[in-house]
2 protein chains.
Amino acid sequence: MDYREESLKRHLEFRGKIEIKNKFPKIETRDDLSVAYTPGVAAVSSFLAEHPDEAYNYSIKGNTIAVVSDGSAVLGLGNIGPYGALPVMEGKALLFKEFGDVDAYPIVLSTQDTEEIIKTVKAIAPTFGGINLEDISSPRCFEIEERLVKELDIPVFHDDQHGTAIVILAALINSLKLAQKNKAEIKMVICGSGAAGMATTKLLLKYGIKNIVLVDSKGIVSKNRTDLNEEKIKMVAVTNPENINGDLAEALKNTDVFIGVSAPNILKPEMIKTMADKPIVFAMANPTPEIMPDLAKEAGAFIVGTGRSDFPNQINNVLVFPGLFRGVLDNKIKVITDEIKIATAETLASYLPESELSPEKILPSVLDKQVGRAVADGLVNFG
Amino acid sequence: MDYREESLKRHLEFRGKIEIKNKFPKIETRDDLSVAYTPGVAAVSSFLAEHPDEAYNYSIKGNTIAVVSDGSAVLGLGNIGPYGALPVMEGKALLFKEFGDVDAYPIVLSTQDTEEIIKTVKAIAPTFGGINLEDISSPRCFEIEERLVKELDIPVFHDDQHGTAIVILAALINSLKLAQKNKAEIKMVICGSGAAGMATTKLLLKYGIKNIVLVDSKGIVSKNRTDLNEEKIKMVAVTNPENINGDLAEALKNTDVFIGVSAPNILKPEMIKTMADKPIVFAMANPTPEIMPDLAKEAGAFIVGTGRSDFPNQINNVLVFPGLFRGVLDNKIKVITDEIKIATAETLASYLPESELSPEKILPSVLDKQVGRAVADGLVNFG
């Protein structure tokens with residue numbers, strides 16, 4: 001199937017992917033109208049004006065999130081603006097509904113100004129029980145998320161960062177089981193310093209990985225670099241404990257794990273050959289990974305994962321965001337803390353019994369519709 | 001039925017009135033996922049980035065509007081804020097879907113600042129094919145609407161103003177047929193100078209009513225008044241051609257039509273007795289009209305209409321907004337002009353054949369689901 005042709009055809013046929021459905025009984029009588037709308041609704045309005053927290057129970061707020069994007073970093077397409085972003089955000093909404101029974105609404109923005117985005121999201125927040133930020137470019141995404149988490153009383157989650165970090169952590173947990181390696185002892189390279197790379201580094205440090213070397217397009221991020229932005233300077237203090245320097249090839253020597261969220265074909269077979277025993281390779285660049293799985297395997301990789309559905313071990317956010325927000329809404333969680341992110345990764349990792357794990361199967365299928373419920377249930381103690 | 005009790009019960013049971021429904025086939029295979037989401041969706045995103053106008057055909061934009069409120073003037077409840085407004089906006093969304101097959105999404109705002117509201121609506125506009133403003137207090141509603149109409153390339157419509165004005169005009173057209181009176185010759189009082197009163201006055205003037213006297217809580221709006229705000233000063237120039245002064249009772253003498261969008265029980269039977277032959281009384285204050293229909297009839301009113309469903313002649317916006325936006329979206333109308341408003345009123349008025357008109361039936365039932373389609377079809381030449 002030509003996915004691109006078929007996708008264009010189907011989007012035109014259906015005019016987008018989501019619509020509104022009414023939950024109340026059909027309006028057939030004056031009584032129906034009087035209960036759904038005036039005069040009956042006035043009782044609900046008065047009640048919620050007095051008890052805004054009850055909006056979670058008496059309105060859509062309790063099951064509704066916004067999927068907000070400014071279109072500045074869409075898929076691998078870059079800054080293509082709000083109309084380019086809309087089909088992706090609709091796709092996200094479709095997945096939220098189908099895999100998590102979460103009502104998600106796409107909001108694409110006509111502004112890419114950090115302050116205006118923050119103000120806009122704050123202004124529309126009352127309708128929503130959560131905000132999923134999506135495809136907002138780095139480094140603006142860090143400030144936007146941080147400020148909104150602080151200034152809003154509903155959870156705010158930039159999926160490109162944390163969804164990716166969580167699903168990578170889940171894949172890593174199971175890979176370490178298979179390789180019989182200990183999280184505190186491994187060496188790891190994270191290649192790529194965009195939203196996903198930075199968030200993954202932070203979460204894995206929090207999880208207890210001690211030796212992470214961050215590599216960007218200029219090489220290893222170290223104390224010796226003079227070209228680092230503010231976010232990367234913060235990373236220097238907590239990564240690269242041996243302060244090694246050089247390029248990706250240098251970084252990978254004797255390393256247990258490679259995590260790529262960077263660019264196509266930058267990981268060479270020779271580099272894998274210099275890694276430690278049982279190399280774990282997550283080549284997540286989309287759509288073309290840092291190395292093709294067959295090449296990586298040939299070079300000795302023990303486990304290879306990618307973001308793609310046409311290879312084994314698809315490491316994809318869709319295993320995380322529907323269930324995570326399902327759990328967040330069910331348990332009225334106000335902030336998605338690192339503890340929640342790690343718990344979510346652990347729940348996802350343990351979804352497959354150890355007997356079913358193999359180097360070709362480190363995560364459940366992205367099509368498994370039970371995963372969302374399991375992930376949500378893992379958050380029951382965080383409410 | 002106790003509408004208030006039942007409404008509270010049902011809102012809690014269903015947790016609000018609307019949800020998201022996916023239009024694409026269920027995601028069962030990797031192919032399904034690849035067409036709805038990555039990698040296939042990238043083709044749609046790239047295409048829309050290049051051709052934003054095609055968003056009307058390839059995304060939800062073509063059938064989606066926002067129902068935006070700041071909760072500053074909700075029903076008869078006043079300034080009850082966003083959470084109080086949410087059930088009403090959901091109700092509106094439900095009616096949009098059920099009576100016009102329009103996907104409407106409630107956006108309630110945490111700000112009541114005019115500039116912030118304008119900026120927010122502009123920022124979120126790309127998702128939507130139209131904006132229905134709702135329950136925003138006067139006079140801020142005038143500037144907010146005017147600015148948004150000017151600054152956005154999608155239609156913006158404040159329903160409290162224009163939906164009300166259009167349905168009143170439709171009711172008036174049929175009432176004048178029954179009373180065999182000519183629009184250019186009648187005298188009319190419009191009582192109430194909020195959003196609805198002002199918009200109705202403007203639309204009826206545009207329609208060709210020559211002699212309208214506007215009455216507010218201080219009495220007749222005339223050249224002699226020194227307490228008028230900017231909006232009312234504009235009205236002095238085009239209403240009250242004989243520059244009469246005094247109270248409502250004075251205004252009504254020898255008047256053919258009373259339109260009330262004001263306060264409960266302010267129209268007295270004695271006043272109706274001083275009106276011209278075959279008095280037409282639209283007492284639209286909600287929930288308690290300016291005069292109860294039986295009292296008005298006893299005092300000699302020829303036709304009585306109210307906003308209520310429990311009396312004959314319910315004059316309610318729901319006869320207008322679903323079909324109007326259906327037609328606006330179908331015909332990709334960018335601005336809802338006065339001509340469109342008048343055409344909509346005329347379509348609605350002519351929906352009932354003259355043989356079916358009577359003083360007890362001047363408009364179709366609000367439950368008639370064919371009205372929306374008819375109103376939409378009336379706009380086919382405005383695209």
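Lettering of chains follows the sequences in order, A, B, ..., and the numbering in each one begins at 1.
When heavy atoms are compared at a cutoff of 4.5 Å, A:Leu33 approaches chain B solely by way of its side chain, counted from C-beta outward. Proximity to chain A (any heavy atom under 4.5 Å) is restricted, for B:Lys369, to the side chain, taken from C-beta onward. Of the two parts of A:Pro287, neither the backbone nor the side chain holds a non-hydrogen atom closer than 4.5 Å to a non-hydrogen atom of chain B. Contacts between A:Phe47 and chain B at a heavy-atom distance below 4.5 Å involve the side chain alone, from C-beta outward. The part of B:Leu367 that comes within reach of chain A is its side chain, from C-beta onward, which places non-hydrogen atoms under 4.5 angstrom from that chain. Using a 4.5 Å cut-off between heavy atoms, A:Ser46 contacts chain B through both its backbone and its side chain. Both the backbone and the side chain of B:Ile124 come within less than 4.5 Å of a heavy atom in chain A. The contact between A:Ile80 and chain B is made by backbone and side chain atoms together, counting heavy-atom distances below 4.5 Å. Only the backbone of B:Ala104 comes within contact range of chain A, with at least one heavy atom under 4.5 Å from a heavy atom of that chain. For B:Ile117, no part lies under 4.5 angstrom from a heavy atom of chain A. Using a 4.5 Å cut-off between heavy atoms, A:Glu5 does not touch chain B at all. Residue A:Ala42 touches chain B through both its backbone and its side chain, counting heavy-atom pairs closer than 4.5 Å. At a 4.5 Å heavy-atom cutoff, the contact between A:Thr64 and chain B is made by side-chain atoms alone. Contact annotation for A:Phe99: only side-chain heavy atoms (C-beta onward) come within less than 4.5 Å of a heavy atom of chain B. Interface remark: B:Thr38 contributes side-chain atoms only to the contact with chain A (heavy atom separation under 4.5 Å). Only the side chain of B:Leu86 comes within less than 4.5 Å of a heavy atom in chain A; its backbone stays farther off. Residue B:Leu77 touches chain A through its side chain alone, counting heavy-atom pairs closer than 4.5 Å.
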**Study point:** Derivation and outcome, side chain to side chain contact (heavy atoms under 4.5 Å, CB included), residues B:Lys97 and A:Glu19
**Key:** CA-CA 9 Å; B:Lys97 187 69 184 184; A:Glu19 64 179 316; 2.8 Å; yes
Check your understanding: Going through the distances and angles, do B:Glu90 and A:Lys61 end up as a salt bridge (charged side-chain N to carboxylate O under 4.0 Å, His left out)?
Key -> CA-CA 11 Å; B:Glu90 286 185 39; A:Lys61 186 180 178 84; over 6 Å; no
Check your understanding: Taking it one step at a time, do B:Met292 and B:Phe311 satisfy side chain to side chain contact (heavy atoms under 4.5 Å, CB included)?
Key -> CA-CA 9 Å; B:Met292 295 305 276; B:Phe311 297 118; 3.6 Å; yes
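In this structure, A:Phe24 has its ring center under 6.0 Å from that of B:His11.
The cationic group of A:Lys92 does not satisfy the cation-pi geometry with B:Tyr37, failing either the under 6.0 Å distance to the six-membered ring centre or the 45° limit from the ring axis.
Between the side chains of A:Asp368 and A:Ser365, no donor-acceptor pair is found at a separation under 3.5 Å. Defined by atom type and a distance below 3.5 Å, a donor-acceptor pair is present between the side-chain atoms of B:Gln314 and A:Arg30.
Counting heavy-atom pairs under 4.5 Å between each of B:Gly62, B:Gly307, B:Ala55 and chain A puts B:Gly62 at the top.
No side-chain donor-acceptor contact under 3.5 Å links B:Thr114 to the backbone of B:Arg140.
To the nearest 0.5 angstrom, B:Asp103 atom CG is 8.0 Å from A:Ile18 atom CD1.
Ion pairing between a basic and an acidic side chain is recognised when a charged N comes within 4.0 Å of a carboxylate O; A:Glu116 and B:Lys119 show no such pairing.
Below 30°, between 30° and 60°, or above 60°: for B:Phe128 and A:Tyr105 the angle between ring planes is below 30°, a parallel geometry.
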